[in-house]
Amino acid sequence: MDEAVVPILTLNEVTKAFPGVVANDSIDIRVMPGQIHALLGENGAGKSTLVQILYGMLRPDAGTVFWNGHPVKIYGPAEARNLGIGMVFQHFSLFEAMTVLENVALALNEERDMAKIRKRVIEVSHGYGLPLDPDRYVHSLSVGERQRIEIVRCLLQDPKLLILDEPTSVLTPQETEKLFKTLRKLASEGCAILYISHKLREVKTLCETATILRAGRVVANCDPREETAQSLAELMIGQRISSTSRAARENSGGDRIRVTNLSMKPEDEFGIALDDISLTVKRGEVLGVAGVAGNGQKELMAAMSGEARPMEQPDAIWFDGVPVAALGPAARRALGAVFVPEERNGHSAVRDMTLSENAFLTAARRMKLMIRGLMCRSSIRKFAGDVVSRFDVRTTGVTAQAGSLSGGNLQKFIVGREILQDPGIMVISQPTWGVDAGAAVTIRQALLNLAHRGCAILLISQDLDEIFEVCDRIVVIAKGRVSGAREIESVSVDEVGLLMGGFGVVEVNTGMVARRAHDD
Amino acid sequence: MDFVPFVLTVITASTPLLLAATGELVTERSGVLNLGVEGMMLVGAIAAFAAASATGSAILGVLAGAIAGIATATIFGFLTLTMLANQVATGLALTIFGIGFSALIGASFVGFALDPLPKLNIAGLSGVPVLGAIFFGQDALVYLSFGMLSAVAWVLTRTRLGLILKAVGESHDSAHALGHPVILIRYGAVLFGGAMSGLAGAYLSLAYTPLWAENMSAGRGWIALALVVFATWRPGRLLFGAYMFGAITILQLHAQGWGVVIPSQFMSMLPYLATVLVLVLISSDRIRIRLNAPQCIGKVFHPAQ
Amino acid sequence: MIRLEPRGEVSRIWPLLTPLIAILLTLASGVAIFSAMGKDPGLALYTYFVQPVSTIYGVTELLVKAAPLVLIGMGLAIGFRANVWNIGAEGQFTIGAIFGGGFAIAFHDSDSILLLPGILFLGVLGGMVWGAIPAYLRTRFNANEILTSLMLTYVSILLLNYLVHGPWRDPGGFNFPESRIFSASAMMPTLIADSRLHLGFVFALLAILVGWLLLNRSVIGFQLRVVGQAPAAARHAGFSQNKLIWYSFLLSGGLAGLAGVAEVAGTIGQLLPTISPGYGFTAIIVAFLGRLNPFGVLLGGLVMALSYLGGEIAQIEIGLPAAVTGLFQGILLFFLLGCDALTHNRIKFSIAGRFVRI
């Protein structure tokens, strides 16, 4: 059949530059109908820019997009949808205060009749095993359910090409497997799928061809099933990345962090309530908190750092034998605790302030950077300089604005700022989220070294590979509750995945068995 | 005091608040905070007065008020939506500008008087005792204020345009990602707000007190802003709020006639103190505010190019 | 179609240039407005902006008007840095004048040297009290401080109006709504003989120095800047937002109160129904014109004082309505905000799909 030979999508030398960086440099890609095509690359490789061009949100500076063999200019998402392109965003484009039905209706070009849309939502969502209640408000749904809305509203328009941007970062391994089933079904019906990811195992499991991006350029096209994880990683990163090394350490000390029966209502009405959480972290130990996004991680982080306080439960949190639940962040820091929340921009750092000022932000007291209410500018510069040099932060100097640093470098600065305060307790969330591979290794190694010096670390992460690499014990957080702790050696990814889906709910897991990264 | 004249004066005091607040409600639902209502009202008031006294036509006066409101709102829209300026600062600038501009134009109109906006006689029923004057004998802008409020309520709850407008105010990034023209929608909402503020001003200078006086809005624009918060961005409650404030204004005017011996200045404080009070009452219910406030209000939308 | 795109690197020159460009554009608009009004634009601009400062006395008058603007503008600039929108400085100014003026009236026959310090203290206290109300309502009830502080301004002006019409009316004043004239010991000393320039301007200069130290060297100033730029980061670092809101309001209210009491005990010498030509609102423009920077506030205060002074002279000499001043102030703020966009962004014009960058 002739039509089958014509690629559904062809990119020819597509180029897009932003001030200071060429995000896409002469990109060539061909996607065939019914093909599951991976777009593989590190953070910052240019995947998101490319996807936004395909969905009409950005205009390329140069190059041509061919659709079904014809050159097209895509002037906006509505036009992309008219062509038959569906898009599932990494950061969902949903409206929390609206219903599922309204969210779907907002993404449809033609259909205006709410009753018809409701009927089709029910049909399609059940047909593809993605059940949805059209009248639920989005803020009451789990992250996995929210992703279903994104997918279902694409499917309502019979897409010829479905683009998914890092879809599994919010799913349990079991949910991931279900998603893959849906995608394979779609592909078998002739829909092409462009699957964007930096997770090698998934790409090897799901995709039949892969385009690898690095620093804005296509560096290889390959069949990922015939490559090893190691060879794909090298193509993606461009150099061998050293792995972390872990010195033996004795976890014989007492509990430095103790949380008992912590329950807390969320400050944000759309947030998750913490429900009867208990955990301990010993001296020199790293305890991992695994879980799918939106299950109470943010709220747990806020409760640990003192940004949110369970006033009626003064005994719920203890640091080094001191009850801290009623204390604010500054008082907890005074006890030797440091905190790194997941969001860099505007939470752990201020974009428009210099690195010096950002160093002062959390280190003022412990590092004695102030005298009688005034800022001690020379000590601040020296401390910020120390962080920059000891943690290999690539920057023009300590007067550079935090916003001018890449994600990886800024995160190294933030983690370095906390570690150089010589903490006894660290609570850190998603330390390598959106960070390049080199910086990720530096950060994980720094955490291991810190624990070796006796610090108790509570590591909240959605990246199971990271948890298995760094942690001694693991708990799982789901719907604001935390499972019992398990030794990391005695637990499998599958078991963790089942816990991530909610305790007590045993789902039948067939097909792919996700495996630990360093077992590959 | 008689019931009918009292209700009639309450209606005249409430109508400008209702008009302006209806416009600002739409603006805010699209995610834009325009603090320049007071300025737009004043420009609308002088434009309406000038046009009506120059042409002798009340209809042209009303139209001029609306157009002047739209013109001043365009300045606000250009600065905040195209030039990405801070909405709070720009709204304040609009008010300062509006006070100065209207006073300058109005300098030559001080002391003039106009015939008030004609009262309609709908279906010939305005002569019916008690209800006739209240329901069938108002001027056109009073009916328009109810009509616009109903239209806004209908658009917001029943139409796709309303759905998109709310979506833009809820999350401009998501709306943009789905291909809805965020900036265009917001321009529309800002200009609608301007037109309604201009009409509110026209009502002041053509019907409420048919003459021009410097700064004649006397804080009504700010009270309209507070009413939108009081109504938690819902049209139904807006109607209640506007008439409650109208009643307070009239009560304090009549208080002395009833033998209340409190100095007039303290009575004049009542609408302002009541505004503070309702703000406190409604804002302390953080959950209601969180669930009803447009989440993007006041935030600059800056799509990547 | 016009679009903005972010500049990769924020230029250091732009933030200093934008106020100048905005002033020039405002002058250009002035030419257009004067021409439209049938005035000779050259003469009008001269009368407005040059003639007022062509004499020593004129310069002292400029400083007299600049003092309240700088005092209030400094306080507002600090609050605005923290995203605390105190729009009610006019009210705090008025209450400051009432508190201090009331003290002066109560002890009108005293010649104690403690009288003036007492008046000034009460003026500051009055401004702080009036600023404390929106701070309390915001921190305790989450009520929007823009609206509450503004509503309180109307209340304060009505209160002053009541006092000078009623209990504080000058018993020997032929029923005019004015208080008695303050005694000499209640008045601030003048700095230059034969001028009205009084101690208030020295307070303004001190406020600038203290404001600079506060914003650039002190920990609390750092906290105010963080809470303004990134509230979540302020929480993360353990800064109390409520404390900073209180701090901003007490500081800006106190300075506005000082400006108010200095106006009645320095420039006017009694309480009148109207004691301010809108200093509290104009100071908002002063703060923005000065880039929320203390020394900028000083310059901004002088520019806006010139617009008041020029407005008065132009009204007398060439019959321009006083409202022109307000119009200029609004236009200046528009241009300033518009030019500000160019500090962080570059303009992209698209003509038939092709982009031209500036």
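Convention: sequence-line order gives letters A, B, ...; per-chain numbering from 1. Keep in mind that the numbers below use all heavy atoms, side chains included, and drop hydrogens, waters and symmetry copies.
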Against chain B, work out which of Glu96(A), Arg81(A), His139(A) has the most heavy-atom pairs shorter than 4.5 Å and name it. Arg81(A)

Rounded to the nearest 0.5 Å, what separation is found between the CG atom of Leu108(A) and the CZ atom of Arg160(B)? 7.0 Å

Distance (rounded to the nearest 0.5 Å) between Ser171(B) OG and Met98(A) CE: 9.5 Å

Contacting region of [X] [heavy-atom separation from chain B under 4.5 Å]:
X	result
Ala105(A)	both
Leu106(A)	both
Met114(A)	side chain

Above 12 or not: heavy atoms from other molecules or residues under 6.0 Å from [atom1] of [X]?
X	atom1	answer
Lys166(B)	NZ	yes
Tyr137(A)	OH	no
Arg237(B)	CZ	yes

Go through the structure and list residues passing side chain to side chain contact (heavy atoms under 4.5 Å, CB included) with Ala177(B), not counting sequence neighbours. Met57(A), Phe89(A), Ser93(A)

So which residues of residues 26-36 of chain B are in contact with chain A at a heavy-atom cut-off of under 4.5 Å? none

So, for Arg153(A) and Leu178(B), which heavy atoms are closest and what is the spacing to 0.1 Å? NH2-CD2, 3.6 Å

